[in-house]
Amino acid sequence: MNVKEMLTLPSFAGSDVIAGEDYLDNEISSAMILEGADIQNWGKRGQLIISSYFALMNLDENGLGKFFRTMSTIGIGAFAIKPGRAVDEVPHKIVELCDDFDLPLIRLSPSVKYEAILSDVLGHVLDSNLTLLNRFYESHQHVMALALKQPSIPYILNTIKNSLHTEATYLDARRDRRIGTDAALAEFTGYSFTRRDPSPYQTHAYFDARLLYTEETRDALAIRIPSSDGVDYYLIIHGSASQLSLVDTMFVENIVSLLQIEILKQNAVKQKLFYQNNNTVHDLLLGRFTTRERIDSALTLLGVDRCPCYQLLLVRAMLEDPSDTDRQDELHQTIRRRLRSAYPGIVWYVNGDRLVILHNFRSELSGIDVNEVQRILEDLHASSTLPLFKHFAVLSSTVDRYNLPVTNNEIMNAYRFFDDSSFENVTLRFDDLGIYKLLLAADDPSRLNGLIDPRLQRLHDENPDLFRTAVTLCEHSLNFHETAEELFLHPKTVRYRIDRVREVYGVDVRNSDDFLQVILADKIIALSRKG
């Protein structure tokens with residue numbers, strides 16, 4: 001109820017509005033008789049304050065100004081004075097203050113009783129609340145009956161359109177996916193949301209929305225739909241219904257809850273499908289399907305059975321900040337979306353920080369390009385919305401559907417062999433590894449130890465620091481300054497250590513043969529350790 005509606009109640013017969021006439025739309029939700037000037041301790045927004053002026057008689061001009069300023073800050077709906085007990089006429093100063101603070105001032109009939117005013121105002125508020133409660137119950141029953149039908153999101157949006165007589169759009173902000181009752185209104189090119197202050201009966205977050213179109217900008221109302229997957233979903237209500245009545249607000253609250261249930265259901269289905277596909281891809285790569293018929297069936301289930309060629313791409317995305325662990329899935333999802341946009345015929349398997357992509361394609365011309373993968377990952381490194389991460393990626397050779405375990409062995413061996421600090425933020429092709437493929441082909445990596453130069457084996461065993469210095473220098477193409485920076489040493493210390501390696505162990509990294517022996521020894525030791 002607002003002030004204008006309140007003035008039609010019987011107890012306000014003979015009353016006059018003598019200040020703040022432009023603010024009769026102020027909401028009135030309760031009434032209170034003024035007994036003291038300490039309104040800051042008990043005043044509430046939307047109250048009608050009733051007074052005989054007795055409680056204010058002892059206040060000077062400053063005190064009156066402070067009192068009315070406090071009422072304005074609280075959000076008092078209106079101020080009413082009943083002449084007769086303390087004053088015969090409303091003081092002119094009170095009129096001025098009410099005009100200054102945009103507060104409706106009502107001069108009551110001297111004959112009216114306070115009990116009548118309280119009864120009328122509070123009774124009307126209670127009746128209104130009871131009406132709202134009944135309407136909420138009816139709305140809730142309607143929406144719950146709708147929920148039993150398991151409606152789709154378009155069906156729910158059409159229910160909003162029919163009830164509020166306006167268009168509505170569902171927005172998935174992360175994927176920029178829109179569903180609307182009016183296709184043109186759903187095709188906005190940009191948007192901005194400004195959070196509204198909470199209002200009665202609103203439990204969700206409401207926003208004033210500015211929707212940008214090619215030739216115009218439109219205002220709308222957006223309500224955030226809570227979800228458990230960290231994605232921002234919104235219900236957007238277009239047109240004149242952006243300012244909702246209390247009854248309409250209750251309807252929208254119920255509809256948002258229904259949309260929330262639908263999103264939870266969709267996420268549960270997606271999660272179930274994700275685990276099913278994840279396990280199927282994993283089993284294919286490990287060779288757990290023992291017949292060709294079972295392999296064919298699994299590939300058909302995954303939807304990657306149309307083309308003759310297959311390859312695997314392993315991407316390890318390592319978060320730099322341990323506190324971002326909960327964002328690993330967000331990072332993987334982003335990588336998958338970018339790769340899928342470039343290579344539609346993919347499915348994947350996730351294990352910890354590793355993402356393994358299975359790609360089905362027609363010919364070598366349509367296979368995965370490592371340069372394109374590297375470009376995509378570098379773009380993601382530059383994204384301000386993603387956590388900081390490092391990556392290592394390796395692409396397998398091309399095989400048919402019955403040799404997928406071969407590609408899995410290739411990428412996993414390359415991952416164990418090359419995944420260290422020297423290969424951060426790089427993407428490799430297994431087919432380009434050359435002589436390293438001989439090492440990776442070993443059934444038992446520990447047997448490769450016999451290929452290590454005895455001088456380097458002794459250096460590694462007796463003086464690991466000197467060995468690591470020699471390896472790092474070779475990895476940095478004999479650049480002493482870069483080596484010193486990586487090892488947190490002075491360049492002179494690096495030179496001293498390399499001289500010791502040459503003098504004590506007879507290994508001179510400037511000799512091309514010894515240079516190669518150092519690199520191979522480090523890789524064999526790493527492969528043996530990880531194997």
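Only heavy atoms go into these numbers, but all of them, side chains included; no hydrogens, no water, no symmetry mates.
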- N/O donor-acceptor pair under 3.5 Å between Thr472 side chain and Thr469 backbone: no
- Under 3.5 Å donor-acceptor, Ser257 side chain and Glu253 backbone: yes
- Message: Check this for me: does any side-chain nitrogen of one of Asp353 and Arg316 sit under 4.0 Å from a carboxylate oxygen of the other?
- Response: yes
- Note on the structure: Nearest heavy-atom approach of Phe389 to Ala317 is CD1-CB, 4.1 Å
- Task: Run through Tyr349, Phe289, Trp348 and flag the one making a ring-ring contact (aromatic ring centres under 6.0 Å, His included) with His282.
- Result: Tyr349
- Query: Under a 4.0 Å N-O cut-off, is there an ion pair linking Asp176 with Arg178?
  - Reply: yes
- Task: Would you check if Phe392 and Val394 make a side-chain contact, meaning some heavy-atom pair closer than 4.5 Å?
- Result: yes
- May I ask you to test the Leu211-Leu185 pair for a side-chain heavy-atom distance under 4.5 Å? no
- Query: Are side-chain heavy atoms of Asn277 and Val347 found at a separation under 4.5 Å?
  - Reply: no
- Message: Between Val399 and Leu404, is there a side-chain heavy-atom distance shorter than 4.5 Å?
- Response: yes
- Message: Does Arg45 have more than 12 heavy atoms from other residues, nucleotides or ligands lying within 6.0 Å of its CZ?
- Response: no
- Query: Under the 3.5 angstrom rule, does the side chain of Ser163 hit a backbone N or O of Ile160 as a donor-acceptor pair?
  - Reply: no
- Query: Going by atom types alone, do Gln457 and Asp461 pair a side-chain donor with an acceptor below 3.5 Å?
  - Reply: yes
- Message: Minimum heavy-atom separation for Val504 and Arg458, please, with both atom names.
- Response: O-NH2, 3.7 Å
- Determine whether more than 12 heavy atoms belonging to other residues, nucleotides or ligands lie under 6.0 Å from atom CZ of Arg500. no
- Item | Heavy-atom donor-acceptor pair, Asn162 side chain to Asn158 backbone, under 3.5 Å | yes
- Task: Please say whether the positively charged group of Arg455, taken as NZ for Lys or CZ for Arg, lies over the ring of Tyr505, i.e. under 6.0 angstrom from the six-membered ring centre and within 45 degrees of the axis.
- Result: no
- Can you tell me how far the CG atom of Leu339 sits from the CZ atom of Arg337, to the nearest 0.5 Å? 11.5 Å
- Message: Regarding Asp305 and Thr300, do their side chains bring together a donor and an acceptor under 3.5 Å, going by distance alone?
- Response: yes
- Shortest non-hydrogen contact from Asn278 toward Val350: OD1-N, 2.7 Å
- Task: Could you please spell out the steps behind the side-chain contact (heavy atoms from CB on, under 4.5 Å) verdict for Ile498 and Val509?
- Result: CA-CA 8 Å; Ile498 294 303; Val509 294; 4.1 Å; yes
- Whether Asn479 side chain and Glu482 backbone form a donor-acceptor pair below 3.5 Å: yes
- Item | Pairwise side-chain contact, Thr427 with Leu395, heavy-atom cut-off 4.5 Å (strictly under) | no
- So, do Tyr191 and Ile236 sit near enough that their side-chain heavy atoms are less than 4.5 Å apart? no
- Just by distance, with hydrogens left out, do Ser397 and Gln311 show a side-chain donor and acceptor under 3.5 Å apart? no
- Message: What verdict does the side-chain contact (heavy atoms from CB on, under 4.5 Å) test give for Ile368 and Val373, after you've listed the backbone C-alpha separation in whole Å, the side-chain angles of each residue and the deciding distance to 0.1 Å?
- Response: CA-CA 8 Å; Ile368 293 176; Val373 173; 3.4 Å; yes
- Task: Please determine, by modelled atom types, if Ser323 and Asp321 share a side-chain donor-acceptor pair under 3.5 angstrom.
- Result: yes
- Going by atom types alone, do Tyr402 and Asp296 pair a side-chain donor with an acceptor below 3.5 Å? yes
- Ion pair present between Arg327 and Glu330, side-chain N to carboxylate O less than 4.0 angstrom? yes
- Query: If you draw a 6.0 Å radius around OH in Tyr496, do more than 12 non-hydrogen atoms from other residues or ligands fall strictly inside?
  - Reply: no
- Query: If you count the non-hydrogen atoms of other residues, nucleotides and ligands that lie under 6.0 Å from CZ in Arg362, is the total more than 12?
  - Reply: no
- Heavy-atom distance under 4.5 Å between the side chains of Pro151 and Leu258, does that happen here? yes
- Query: If you measure from the Lys or Arg side-chain nitrogens to the Asp or Glu carboxylate oxygens, is any gap between Arg468 and Asp522 under 4.0 Å?
  - Reply: yes
- Query: Do the side chain of His204 and the main chain of Ile225 share a donor and acceptor less than 3.5 angstrom apart?
  - Reply: no
- Phe207 vs Tyr234 aromatic rings, parallel, tilted or perpendicular, using cut-offs 30° and 60°? perpendicular
- Item | Ser396 side chain to Leu312 backbone, donor-acceptor under 3.5 Å | yes
- Heavy-atom neighbours of Arg288 CZ exceed 12 at 6.0 Å: yes
- So, Ser227 and Gln260: side-chain donor and acceptor under 3.5 Å apart, yes or no? no
- Message: Please check this pair: side chain of Asn511 against backbone of Asp514, looking for a donor-acceptor N/O pair closer than 3.5 Å.
- Response: yes
- Message: Tell me whether Arg195 is salt-bridged to Asp208, with the criterion being a basic N under 4.0 Å from an acidic carboxylate O.
- Response: no
- Message: For Lys161, is there an ion pair with Glu167 - N to carboxylate O distance below 4.0 angstrom?
- Response: yes
- Task: For residues Ile357 and Leu355, determine if any side-chain heavy atom of one lies less than 4.5 Å from a side-chain heavy atom of the other.
- Result: yes
- Could you verify whether a donor N or O on one side chain and an acceptor N or O on the other, from Asp329 and Gln333, lie under 3.5 Å apart? yes
- Query: Hey, mind stepping through His481 and Glu486 against side chain to side chain donor-acceptor pair (under 3.5 Å) and telling me if it holds?
  - Reply: CA-CA 9 Å; His481 287 282; Glu486 179 166 330; over 6 Å; no
- Item | Residues His476 and Glu485: side-chain donor-acceptor under 3.5 angstrom | no
- Sub-3.5 Å donor-acceptor pair from the side chain of Asn279 to the main-chain atoms of Tyr275, do we have one? yes
- Main-chain N/O of Tyr155 paired to Thr159 side chain as donor or acceptor, under 3.5 Å: yes
- Item | Minimum heavy-atom distance Asn360-Cys307, with the two atoms named | ND2-O, 2.8 Å
- Item | Pair His359-Tyr310, ring pair (Phe, Tyr, Trp, His ring centres under 6.0 Å): steps then yes or no | CA-CA 6 Å; His359 182 221; Tyr310 292 85; 8.9 Å; no
